[in-house]
2 protein chains.
Amino acid sequence: MPRGEGKFLIKQRAFLKLYMIRFVEEHKMYGMQAMDELKASFKPFGYEPNHSEIYRSLHELIDDGILMRQKKVQEGAKYKEIVIYQFADYEKAKLYKKQVKTDLDRSMSLLRKALEDVY
Amino acid sequence: MPRGEGKFLIKQRAFLKLYMIRFVEEHKMYGMQAMDELKASFKPFGYEPNHSEIYRSLHELIDDGILMRQKKVQEGAKYKEIVIYQFADYEKAKLYKKQVKTDLDRSMSLLRKALEDVY
DNA sequence: GGATGAACAGCTTGTTCATGG
DNA sequence: CCATGAACAAGCTGTTCATCC
């Protein structure tokens, strides 16, 4: 998806998809919980993803053929239903991670260059 | 302008405004020339800003009270007219640079954290 | 009532068109 | 022609509304 020509920094969507893959690798997360963890983790950096972007990231990974829904589970409390994911194609997941790494490195270079050029 | 809450990476607009300020400090650029220099400079990083974003950045700096138009100049060839800028308020410019630096550092931290977390 | 998902709205950016010398 | 600028369109993200158990 990183199409390489003319684009600026990596998009939030790709950034979150990366973390969603990581969470599924650790098979311990569902959407809201992932969001809470990310919010807590990134709050010191002034970034707090919202629930819509989390879900859009998960859905897009399904469309990409990388994830699939595993099941809906009742958990503890009476009215609570969650969605669990597993890999539909782990090779694709690894490939995607590799692509995103390239884009992360590229983005870091852009920012670093600006800091060097201007300050 | 960095409002700090919930936001992801620095925006292209702010990034370019920073470079526009730098070009005016070096008092040697007009819009298209700035664009060409940036395109050449960032092409190895897969980023090539387009002319609209350049002009929007310059205009926004005027709206911010940081730059002002200096003059229109005929340069060399018969049908070529360019716009030159100077600072309207250099203290504001320095303040803006400081704010953008904060946002650049913050953005770097986000990316670095992702690279550490996932790879 | 907590989780998921869709609909809607706003902002940011890219593409195309217009003007002027 | 070339630089500038505006208009228009597309894309991405945030906010709000709906549903389900």
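Everything quoted here is computed from the prediction, not taken from an experiment. So you know, we letter chains A, B, ... as the sequences are listed, proteins then strands, and number each from 1.
- At whole-Å resolution of the value, CD1 in Ile82(A) and P in dG1(C) are 19 Å apart.
- Distance OH (Tyr55(B)) to C1' (dC2(D)): 9 Å, rounded to an integer number of Å.
- Residue Tyr30(B) places at least one side-chain N or O closer than 4.0 Å to OP1 or OP2 of dA3(D).
- Across dC21(D), dT4(D), dG14(C), the shortest atom-to-atom separation from the side chain of Glu81(A) is found for dC21(D).
- The distance from atom CD1 of Ile84(B) to atom C1' of dT4(D) is 13 Å, rounded to the nearest whole Å.
- Phosphate contact (OP1/OP2 of dG14(D), side-chain N/O of Gln12(A), threshold under 4.0 Å): present.
- Residue Arg13(B) has its side chain nearest to dT13(C) when only dT15(D), dT4(C), dT13(C) are considered.
- Closest to the Arg56(B) side chain, of the nucleotides dT4(D), dG14(C), dA6(C), is dG14(C).
- If you look at Phe42(B) and Phe8(A), their ring centroids are not closer than 6.0 Å.
- Whole-Å rounding puts the Asn50(A) CG to dC12(D) P distance at 16 Å.
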Using salt bridge (Lys or Arg N to Asp or Glu O under 4.0 Å), reason through Lys97(A) and Glu25(A) one step at a time and then give a plain yes or no.
CA-CA 12 Å; Lys97(A) 282 174 69 171; Glu25(A) 281 175 342; 3.0 Å; yes
Check against salt bridge (Lys or Arg N to Asp or Glu O under 4.0 Å), Asp36(B) and Lys39(B)
CA-CA 5 Å; Asp36(B) 292 341; Lys39(B) 275 193 179 178; 5.9 Å; no
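- Set against dT15(C), dA3(D), dA6(D), the side chain of Met32(B) has dA3(D) as its closest nucleotide.
- Looking at Ser52(B), its side chain has no donor and acceptor atom pair within 3.5 Å of the base of dT13(C).
- You'll find that the side chain of Lys11(A) is closest to dC12(D), out of dG14(C), dC12(D), dA3(C).
- Between Ile54(B) atom CD1 and dG14(C) atom C1' there is a gap of 13 Å when expressed in whole angstrom units.
- As rounded to whole Å, 20 Å separates atom P of dC11(C) from atom CG of Leu9(B).
- Here Phe15(A) lies out of heavy-atom contact (under 4.0 Å) with every strand.
- Considering only side-chain atoms of Glu53(B), the nucleotide from dT4(D), dA3(C), dT13(C) that sits closest is dT13(C).
- Heavy atoms of His51(A) sit under 4.0 angstrom from at least one base atom.
- Using a 30° and 60° split on the angle between ring planes, Tyr19(A) and Phe15(A) fall in the tilted class, from 30° to 60°.
- When each of Phe8(A) and Leu58(A) is assigned the nucleotide of DNA chain C with its nearest heavy atom, Leu58(A) is the one assigned upstream, toward the 5' end.
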